[in-house]
Amino acid sequence: MKLERNDPCWCRSGKKYKKCHLGRADEPRVRKQDALDASRRARKEKTCFHPYASSDACGAVIGAHSIQRSGGGLAAIASKGHVYGYRSDFSLFEKSGGRVMPKLVGVNDASTFTGFCDVHDAELFRALEVSPFHATCEQLALLGFRAICRDLMAKRSALALNPFLKNTGDRGLNVARQVLWQRQMLEHEGGNALAISDLETAKDRLEAAIVSHDYSDVHALVCWFDRTPAMLASSPFTPEFDFDGNVLQDLNDRTITADVLAFSVIGDGNGAGAATFVWTGDRPAVNRFVSSINRIPRDVLPHRLVQFTLECFENAFWSPAWWDGLDEATQTLLIDRMNAQLNWTRPADHLADDGSRSASWTITDIVTI
């Protein structure tokens with residue numbers, strides 16, 4: 001690239017070359033503290049996703065739990081008020097040699113996000129927080145809605161952080177690595193924008209069912225367990241491949257609205273629990289994904305769902321007693337699953353069985369709603 005100082009910069013920032021990437025290779029690398037501060041600023045959004053939220057109706061925005069704390073929730077699997085979880089946070093990598101590792105988290109802080117005010121959080125999710133879980137259509141819709149709202153906030157934060165990463169992440173790198181970094185940031189920005197659009201569509205469909213109390217368009221697969229599972233989770237999922245490695249939809253196709261489902265693992269408040277997959281309408285990619293779940297033998301399915309959870313979701317927390325009781329080889333396989341989330345792309349067989357057998361809970365029934 002032979003650019004004059006006043007030419008538009010090659011990175012498409014809209015700035016002149018002299019004001020952007022000229023001399024970038026000689027600039028000092030971004031300070032870790034500056035990166036941490038930028039990450040905190042990007043996560044500062046507070047809002048209330050309640051359908052009727054307004055300045056008059058809302059109270060104070062709180063750290064709402066996306067995985068319930070009481071009943072068969074986080075408190076049921078905690079040890080001394082803590083559960084294990086993990087974050088793909090670059091600030092922690094130096095301590096772990098560049099690997100994501102499990103970390104103890106207090107149950108009051110686990111799974112929280114600033115997506116609801118104190119008034120509407122208690123009101124909207126009463127059917128989940130007060131009543132035992134019976135997989136009613138209302139409860140399933142609320143599980144899906146809450147999961148999607150949390151991830152929507154996370155994706156918005158990631159998109160807000162992107163300008164900082166574009167402007168600072170390639171300081172001190174040679175030109176070839178600068179080009180690679182800017183290409184990755186462009187893909188990251190586009191991917192998050194697409195994901196936000198897909199999540200907003202899925203949220204609106206569930207919101208319409210909740211507001212109207214018409215759940216005829218809400219569908220689910222519920223895998224019932226014989227006890228409270230030691231791992232709980234809540235997150236939307238856009239299936240690209242099924243459990244057999246078959247392609248379901250092209251997530252790089254900007255002309256489509258991708259099919260989205262919401263995945264949760266919960267306790268029912270009565271000593272049992274369930275894994276739920278919730279979606280609205282006729283979703284071909286979701287239908288095929290769910291069919292691949294039904295092809296997994298029931299005695300193996302709980303173990304495959306643990307693998308799936310750690311492979312695909314950051315909003316997952318598990319029992320210290322259960323984790324510490326696993327052998328080192330099994331822990332290593334599951335930690336490898338966590339670290340797979342750092343990859344830009346996933347192979348078609350990324351949900352294949354790795355042979356780990358970690359679940360101490362079993363399937364008692366599978367119900368399609």
Side-chain angles (χ1 to χ4, degrees), residues 63-69 71-79 81-89 92 96 99-113 115 128 133 143-144 146-155 158 199 223 225 227-239 243 260-268 273-278 293 301-326 330-343 346 350-351 354 356 358-361:
H65 279 87
S66 56
I67 302 172
Q68 66 191 65
R69 181 183 181 280
L74 296 166
I77 65 170
S79 295
H82 287 76
V83 291
Y84 271 119
Y86 74 98
R87 285 190 301 152
S88 53
D89 189 332
L92 305 175
S96 60
R99 295 263 289 170
V100 169
M101 297 296 289
K103 184 177 183 295
L104 286 172
V105 183
V107 294
N108 289 332
D109 299 320
S111 87
T112 57
F113 72 115
L128 287 174
F133 182 72
L143 275 177
R146 184 163 63 183
I148 288 172
C149 288
R150 180 202 174 274
D151 204 55
L152 188 53
M153 286 201 73
K155 291 291 189 297
L199 288 171
C223 303
F225 301 131
R227 66 193 71 179
T228 301
M231 176 177 289
L232 306 179
S234 174
S235 185
F237 181 60
T238 308
F243 277 87
V260 177
L261 60 81
F263 173 69
S264 299
V265 184
I266 63 171
D268 70 351
T276 67
F277 301 82
V278 178
I293 297 173
L301 183 54
H303 310 295
R304 297 289 299 276
L305 291 178
V306 171
Q307 297 170 22
F308 168 66
T309 300
L310 293 179
E311 172 85 21
C312 298
F313 309 114
E314 188 174 294
N315 191 34
F317 299 89
W318 56 94
S319 160
W322 168 75
W323 178 259
D324 294 340
L326 299 177
T330 300
Q331 287 185 351
T332 299
L333 285 171
L334 296 180
I335 290 172
D336 287 343
R337 291 281 187 178
M338 301 175 205
N339 281 272
Q341 293 202 39
L342 303 179
N343 298 331
R346 304 282 183 88
H350 73 104
L351 296 181
D354 62 16
S356 62
S358 60
S360 56
W361 49 100

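The structure displayed is predicted, hence computed values, not measured ones.
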Taking C-beta and beyond as the side chain, do [X] and [Y] meet within less than 4.5 Å on heavy atoms?
X: Thr309; Y: Trp318; result: no
X: Leu74; Y: Phe317; result: yes
X: Leu310; Y: Tyr86; result: yes
X: Leu334; Y: Val306; result: yes

In Å and rounded to the nearest 0.5 Å, what is the [atom1] to [atom2] distance from [X] to [Y]?
X: Lys155; Y: Ile148; atom1: NZ; atom2: CD1; value: 11.5 Å
X: Leu305; Y: Leu301; atom1: CG; atom2: CG; value: 4.0 Å
X: Ile293; Y: Phe243; atom1: CD1; atom2: CZ; value: 5.0 Å

Looking at every heavy atom in both [X] and [Y], which two are closest together, and how far apart are they?
X: Cys312; Y: Arg346; value: SG-NH1, 4.3 Å
X: Ser360; Y: Trp322; value: OG-CD1, 4.0 Å
X: Ala110; Y: His65; value: O-CD2, 3.1 Å

- Message: Tell me which one of Ser234, Ser66, Ser235 satisfies side-chain contact (heavy atoms from CB on, under 4.5 Å) with Asp151.
- Response: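 Checked Ser234, Ser66, Ser235 against Asp151; only one passes side-chain contact (heavy atoms from CB on, under 4.5 Å): Ser235.
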Test your reading of the model: is there a side-chain donor-acceptor pair from [X] to the backbone of [Y], 3.5 Å cut-off?
X: Ser356; Y: Ser358; answer: no
X: Arg304; Y: Leu351; answer: yes
X: Ser111; Y: Ile67; answer: yes

- Message: Can you list everything that forms a ring-ring contact (aromatic ring centres under 6.0 Å, His included) with Phe313? Sequence neighbours excluded, please.
- Response: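 With sequence neighbours excluded, Phe313 shows a ring-ring contact (aromatic ring centres under 6.0 Å, His included) to Phe237, Phe263, Phe308, given in chain and number order.
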- Using the ring of each side chain (for Trp, its six-membered ring), is Phe225 parallel, tilted or perpendicular to Trp361, with breaks at 30° and 60°?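 The arrangement is perpendicular - the two ring planes meet at more than 60°.
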